Amino acid sequence: MRQVPTCQHRLTKTAEMAILACADCDLAEFWCTTGRLDPTEAIARLFGEFELDSTLEGIGAPSPVVLAYRPTRPADAQRLRAFPAHRWLRIDGSLWLCHDGRTLLLAPVDVSLARSFG
């Protein structure tokens, strides 16, 4: 018997875009009034003002190195709510995202990129 997916794709509006995120299928898509947004542009819009807090060993992450970011203003942490907490979501072929409600974790597939920030 074939299993039917039980995922629910949740749509959230924030930072003048709509975000479709699903923890069950590791999906993250970004939309604006003119259509689908480039994931890199969307992440920059959402988290461009966050500060790099530390570079961590990526234990359990999809990359050996993880970049931890904190919001510069407490209100900016609300943007994290558009994504399910404690789940790695593939943003595109080169970046994964996770958070705990306060800290944004980005795991670039290209480890040399991550190390250049640390």
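Quantities reported herein were computed from a predicted structural model and do not represent experimental measurements.
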query = So how far is it from S63 OG to L56 CG, rounded to the nearest 0.5 Å?
reply = 11.0 Å
task = Using salt bridge (Lys or Arg N to Asp or Glu O under 4.0 Å) as the criterion, point out the one residue from R70, R73, R79 that pairs with E49.
result = R73
inquiry  = Which heavy atom of A21 sits nearest to which heavy atom of A82, and what is that distance?
reply    = CB-O, 3.5 Å
remark   = Shortest non-hydrogen pair, L67 vs P108, comes out as CD1-CG, 4.3 Å
key: Separation between CD of E29 and CD1 of I91, rounded to the nearest 0.5 Å   = 10.5 Å
key: Verdict with supporting geometry, I19 and T14, side chain to side chain contact (heavy atoms under 4.5 Å, CB included)   = CA-CA 8 Å; I19 300 164; T14 187; 3.5 Å; yes
message = When you group the ILVMFWY residues by side-chain heavy-atom contacts below 4.5 Å and let the links chain together, are F83 and L20 in the same group?
response = no
request  = State which residue, out of L105, D53, L106, T103, fulfils the side-chain contact (heavy atoms from CB on, under 4.5 Å) condition with Y69.
outcome  = L106
query = Can you get from L104 to L52 by hopping between Ile, Leu, Val, Met, Phe, Trp and Tyr side chains that sit under 4.5 Å apart?
reply = yes
remark   = What one should report as the nearest heavy-atom pair of F30 and M17 is CD2-SD, 4.0 Å
E41 and I43, any side-chain heavy atoms less than 4.5 Å apart = no
query = Of all residues at least two apart in sequence or in a different chain, which pass the salt bridge (Lys or Arg N to Asp or Glu O under 4.0 Å) check with D92?
reply = none
query = What heavy-atom pair brings G60 and W88 nearest, and what distance separates the two atoms?
reply = O-NE1, 3.7 Å
ask   = Can you tell me how far CG of L97 sits from CZ of R90, rounded to the nearest 0.5 angstrom?
value = 13.0 Å
task = Please examine the side chains of L95 and V109, heavy atoms only from C-beta on, and report whether any two atoms are closer than 4.5 Å.
result = no
ask   = For D26, which residues count as a side-chain hydrogen bond (donor to acceptor under 3.5 Å, both in side chains) partner, sequence neighbours excluded?
value = R87
ask   = Which pair of heavy atoms, one from F50 and one from D76, lies closest together, and at what distance?
value = CZ-O, 3.6 Å
note = The reported gap from NE2 in H86 to NE2 in H99 (rounded to nearest 0.5 angstrom) is 7.5 Å
ask   = Would a hydrophobic clustering, with Ile, Leu, Val, Met, Phe, Trp and Tyr connected at side-chain separations under 4.5 Å, put L89 with L37?
value = yes
task = Treating Ile, Leu, Val, Met, Phe, Trp and Tyr as nodes and any side-chain heavy-atom pair under 4.5 angstrom as an edge, say whether L27 and L46 lie in one connected cluster.
result = no
request  = Please round to the nearest 0.5 Å and tell me the distance separating atom CD of Q78 and atom OG1 of T12.
outcome  = 12.0 Å
